[in-house]
Amino acid sequence: MDLHTHTKFSDGIGEVWDNAAYGALNGIGLVGISDHIHYLSFTNLNHYLKDIERAREESEIPILAGIEANIMETGVDITDEIRGRLDYAIASVHLWLNPGESWKYVELVKLAIQDKNIDIIGHFGNVFPYIGYPSREEIMEVIEIAEAHGKAFEISSRYRVPELDFIRECIKRGVKLVFASDAHQPEDVGKIRWSEKIFKRAGGRKEDLLFSELL
């Protein structure tokens, strides 16, 4: 699967059906379109969902309608109405954080995990090399909250996160995972080799993946 892909509807360069086609070409069994929410006005959202439906009808593999929302200090910028029209929603931290502010990143992620409209946390930990690493206790609390709220984490091949021990702990606790290329051009859809490799190293099985029933 590849559930994190972008198109011309945000900062990608391809059409929705291009992403679907390249996903199938690259051997992916499930593709999700997850453009950035702040690019999608009400009108664009309608067009976006229509294009996804067209791709779904024409594709040889399942295509899901997703979105990537932003985790802000005031919460996640997604509404009940928007989430109700989607198959899933990713939430990611895109705020600029300073060195030493890993605690703030953790608090933002915990906020998103508790949002009923969010299904997946995107590229968890991609900024840790720049802002510092949280303590093991903080990391464990994040996983425990995700377990309690039934939320998933993506394994990002683009950023090569999260770490192996984090993935192992998710599997141990039944926290679901997804694979993600974070593709911004169609030919990169399905480039999830790192995600698959570390998932297998962690002992992951098909049933540990979100939407495994579609694979």
Side-chain angles (χ1 to χ4, degrees), residues 1-5 22-34 61-64 66 68 71 87-93 102-103 105-116 118-183 188-215:
M1 66 166 65
D2 186 356
L3 292 190
H4 192 151
T5 76
Y22 269 94
L25 184 65
N26 289 331
I28 297 301
L30 175 65
V31 169
I33 311 298
S34 57
I61 61 175
I63 307 297
L64 297 183
E68 184 178 14
I71 309 173
D87 296 312
Y88 68 97
I90 299 170
S92 306
V93 176
S102 62
W103 63 270
Y105 181 94
V106 168
E107 290 303 312
L108 289 168
V109 169
K110 286 160 56 178
L111 185 65
I113 289 171
Q114 297 173 77
D115 189 315
K116 62 184 175 64
I118 297 305
D119 305 283
I120 303 163
I121 299 299
H123 47 70
F124 178 79
N126 66 314
V127 296
F128 290 163
Y130 311 102
I131 66 172
Y133 290 82
S135 67
R136 175 171 173 77
E137 289 74 20
E138 289 173 306
I139 292 292
M140 290 301 296
E141 185 180 11
V142 167
I143 297 174
E144 288 167 3
I145 296 173
E147 179 185 7
H149 288 82
K151 301 304 170 70
F153 290 93
E154 72 173 31
I155 304 176
S156 173
S157 284
R158 180 182 181 185
Y159 294 105
R160 299 195 171 193
V161 294
E163 295 183 343
L164 178 61
D165 287 345
F166 185 98
I167 297 169
R168 281 178 173 156
E169 192 64 34
C170 286
I171 292 169
K172 177 182 176 181
R173 291 174 173 270
V175 174
K176 298 294 185 181
L177 299 157
V178 304
F179 299 157
S181 66
D182 207 340
D188 288 340
V189 175
K191 292 186 177 180
I192 55 165
R193 184 173 298 177
W194 186 88
S195 301
E196 293 178 308
K197 182 178 179 180
I198 197 167
F199 178 71
K200 290 178 181 178
R201 284 183 61 195
R205 298 172 296 176
K206 180 180 176 180
E207 53 265 36
D208 297 314
L209 298 172
L210 188 65
F211 299 123
S212 62
E213 69 278 5
L214 300 178
L215 296 171

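Every value quoted in this text rests on a predicted model; they were computed, and no experiment measured them.
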**OP:** Locate the shortest heavy-atom distance separating C170 from L177; write the atom from each residue and the value.
**Re:** CB-CD2, 4.1 Å
Subject >> Sub-4.5 Å side-chain heavy-atom contact between F153 and I167 >> reply: no
Original post:
Does any non-hydrogen side-chain atom of I90 lie less than 4.5 Å from one of V178?
Top reply: no
Original post:
Checking S34 side chain against G66 main chain: does a donor-acceptor pair fall under 3.5 Å?
Top reply: no
**OP:** Please check if the side chain of S181 supplies one atom and the backbone of V189 the other of a donor-acceptor pair under 3.5 Å.
**Re:** no
Original post:
Under the 3.5 angstrom rule, does the side chain of K191 hit a backbone N or O of A183 as a donor-acceptor pair?
Top reply: no
Original post:
Is it true that atom CZ of R173 has more than 12 heavy atoms of other residues, nucleotides or ligands lying nearer than 6.0 Å?
Top reply: yes
**OP:** Would you please name every residue forming a salt bridge (Lys or Arg N to Asp or Glu O under 4.0 Å) with E138, sequence neighbours left out?
**Re:** none
Subject >> Closest contact, heavy atoms only, I120 versus Y88 >> reply: CD1-CD1, 3.8 Å
**OP:** Hey, could you give me the CZ/CZ distance between F199 and R168, rounded to the nearest 0.5 Å?
**Re:** 13.0 Å
**OP:** Please identify each residue that fulfils side chain to side chain donor-acceptor pair (under 3.5 Å) with E207, with sequence neighbours left out.
**Re:** R205
Donor-acceptor pairs under 3.5 angstrom involving side-chain atoms of residues 121-132: please list them, not counting sequence neighbours.
unit_1: H123; atom_1: ND1; unit_2: N126; atom_2: OD1; d: 3.3

**OP:** Calculate, to the nearest 0.5 Å, the distance between atoms CZ and CE belonging to R136 and M140 respectively.
**Re:** 5.0 Å
Original post:
Shortest non-hydrogen contact from V106 to V142?
Top reply: CG1-CG2, 3.7 Å
Subject >> Shortest non-hydrogen contact from P162 toward I198 >> reply: O-CD1, 4.1 Å
Original post:
Any side-chain heavy atom of I139 sitting closer than 4.5 Å to one from D165?
Top reply: no
Subject >> K110/E107 salt bridge by N-O under 4.0 Å criterion >> reply: yes
**OP:** Say whether, by atom type as modelled, one donor and one acceptor occur between the side chain of D2 and the main chain of V31 under 3.5 angstrom.
**Re:** no
**OP:** Report, as yes or no, whether the 6.0 Å neighbourhood of atom CD on E163 holds more than 12 heavy atoms from other residues, nucleotides or ligands.
**Re:** no
Subject >> Validation row: F179, L209 side chains within 4.5 angstrom (heavy atoms) >> reply: yes
Subject >> Minimum-distance pair of heavy atoms, taken over all atoms of I155 and S195 >> reply: O-OG, 2.7 Å
Subject >> Interatomic distance, K206 atom NZ to D208 atom CG [nearest 0.5 angstrom] >> reply: 12.0 Å
Original post:
Nearest 0.5 Å, what's the CG-CD1 distance between L30 and I61?
Top reply: 7.0 Å
Subject >> Interatomic spacing from CG in D115 to NZ in K151 - rounded to 0.5 Å >> reply: 6.0 Å
**OP:** Taking the side chain as every heavy atom from C-beta outward, state whether Y105 and P134 have any pair of such atoms under 4.5 Å apart.
**Re:** no
Original post:
Would you say the side chains of S156 and D182 form a donor-acceptor pair under 3.5 Å?
Top reply: no
Subject >> Minimum-distance pair of heavy atoms, taken over all atoms of L210 and M1 >> reply: O-CE, 2.8 Å
Original post:
Between atom OG1 of T5 and atom CD of E68, what is the distance when rounded to the nearest 0.5 Å?
Top reply: 10.5 Å
